[in-house]
Amino acid sequence: TWQTLSLAGRQTPHADRRKPTQLNRPTLLIAKLMPDLPAAPRMLLKTPRFDVVEIEQRTADGGTRARQVILHLGAVLIIPLLEGDRVCLIRNERVAVGKTLIELPAGTIDRQDPPSATAVRELKEETGFAATSWRELPGFFMSPGILRERMHVFVAQGLSAGDPEREAGENIDNLIVPWGEAIAMV
């Protein structure tokens, strides 16, 4: 069933208006970034990690077009640089593609954490490393045609090894390689 989302005093049709929908941070962000939407976003799917909404976009000819958008709180991507011109990548089993991929450590931002705190947590969880020096690089959007997930990029240096604190079900192994080899993998 569709849920009612309030946006600048407008509402979408809903069979049961007695059940208000609490707007989450990504949905509120859409309202802030796109205040001139012709109608409120309609919630299509709500999960603990992301929402899918349908947004009516104004077209150049004055009409509207429905767009489905995945709203995500964002994520961090960490480039862990070790001495000797090396980088710590991870082998990560990815169910969505049915393969183990070689990646940089990354993780989803929690609702209460800023990206910098998420980067510190994810580096420790996925690799076991802790860093004494952090630098934020420009971020990017993963797939802006359908997905509102901003990746915040951090370089971690001054690394000291420790035990990873991986979540249950994560199949991750560290892969430390020379920087040149990592670039050649791209």
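When all heavy atoms are compared, the tightest approach of Pro41 to Val53 is CB-CB, 4.1 Å. Between Met151 and Ala106, the shortest heavy-atom distance links the atoms CE-CB, 4.4 Å. Here the closest heavy-atom approach between residue Pro105 and residue Thr127 is recorded as CG-CG2, 3.6 Å.
In this structure, Leu175 is a member of the same hydrophobic cluster as Leu77, with clusters built from ILVMFWY side-chain heavy atoms closer than 4.5 Å. Hydrophobic clustering, with ILVMFWY side chains joined whenever heavy atoms are under 4.5 angstrom apart, groups Leu82 together with Leu123. In terms of hydrophobic clustering, with Ile, Leu, Val, Met, Phe, Trp and Tyr side chains grouped at heavy-atom distances under 4.5 Å, Leu81 and Leu89 are assigned to a common cluster. Under the 4.5 Å side-chain heavy-atom criterion for Ile, Leu, Val, Met, Phe, Trp and Tyr, Ile90 and Met142 are members of distinct hydrophobic clusters.
Among residues two or more places apart in sequence or in another chain, the salt bridge (Lys or Arg N to Asp or Glu O under 4.0 Å) test is passed with Glu103 by Arg94. Listed by chain and residue number, Gln57 satisfy the side-chain hydrogen bond (donor to acceptor under 3.5 Å, both in side chains) test with Arg67 (two or more places apart in sequence, or in another chain). Remark: Arg49 pairs with Thr108 by the side-chain hydrogen bond (donor to acceptor under 3.5 Å, both in side chains) rule, at least two apart or across chains. Shown here are the side chain to side chain contact (heavy atoms under 4.5 Å, CB included) partners of Val95, two or more places apart in sequence or in another chain: there are none. Legend: residues meeting side-chain hydrogen bond (donor to acceptor under 3.5 Å, both in side chains) with Glu93, ordered by chain and number and at least two apart, are Asn171. Qualifying side-chain hydrogen bond (donor to acceptor under 3.5 Å, both in side chains) partners for Arg135, counting only residues two or more places apart in sequence or in other chains: none.
In this structure the side chain of Ile79 reaches within 4.5 angstrom of the side chain of Leu137, judged on heavy atoms. Ile78 is not listed as a side-chain neighbour of Phe129, based on a closest heavy-atom distance of 4.5 Å or more. Side-chain contact between Ser116 and Trp134 is absent, with no heavy atoms from C-beta onward closer than 4.5 Å. Between Val177 and Val87, some side-chain heavy-atom pair lies under the 4.5 Å cut-off. Using a 4.5 Å heavy-atom threshold, the side chains of Pro80 and Leu104 count as touching.
Other residues sharing a hydrophobic cluster with Leu101 under the 4.5 Å side-chain heavy-atom criterion for ILVMFWY residues are Val97. Under the 4.5 angstrom side-chain criterion for Ile, Leu, Val, Met, Phe, Trp and Tyr, Phe141 has no cluster partners at all. Annotation for Val186: hydrophobic cluster partners, listed by chain and number, are none (ILVMFWY side-chain heavy atoms under 4.5 Å, direct or chained).
Just one residue in the list Thr118, Val120, Val76 forms a side chain to side chain contact (heavy atoms under 4.5 Å, CB included) with Asp113, and that residue is Thr118.
Pairs of residues two or more places apart, or lying in two chains, that qualify as side-chain hydrogen bond (donor to acceptor under 3.5 Å, both in side chains) and include a residue from residues 173-183 are Arg166-Asn174. Each side-chain hydrogen bond (donor to acceptor under 3.5 Å, both in side chains) pair with one or both residues in residues 77-87, not counting sequence neighbours, would appear here, but there are none. Listed by first then second residue, pairs satisfying side-chain hydrogen bond (donor to acceptor under 3.5 Å, both in side chains) with a partner in residues 149-164 number zero, not counting sequence neighbours.
The CD atom of Gln68 lies 6.5 Å from the CG atom of Leu44; values are rounded to the nearest 0.5 Å. Distance check, rounded to the nearest 0.5 Å: OG1 of Thr47 to CD1 of Ile70 gives 9.5 Å. One finds the CG atom of Asn92 at 14.5 Å from the NZ atom of Lys99 (value rounded to the nearest 0.5 Å). Interatomic distance, NE2 of His72 versus CZ of Phe50, reported as 8.0 Å (0.5 Å rounding).
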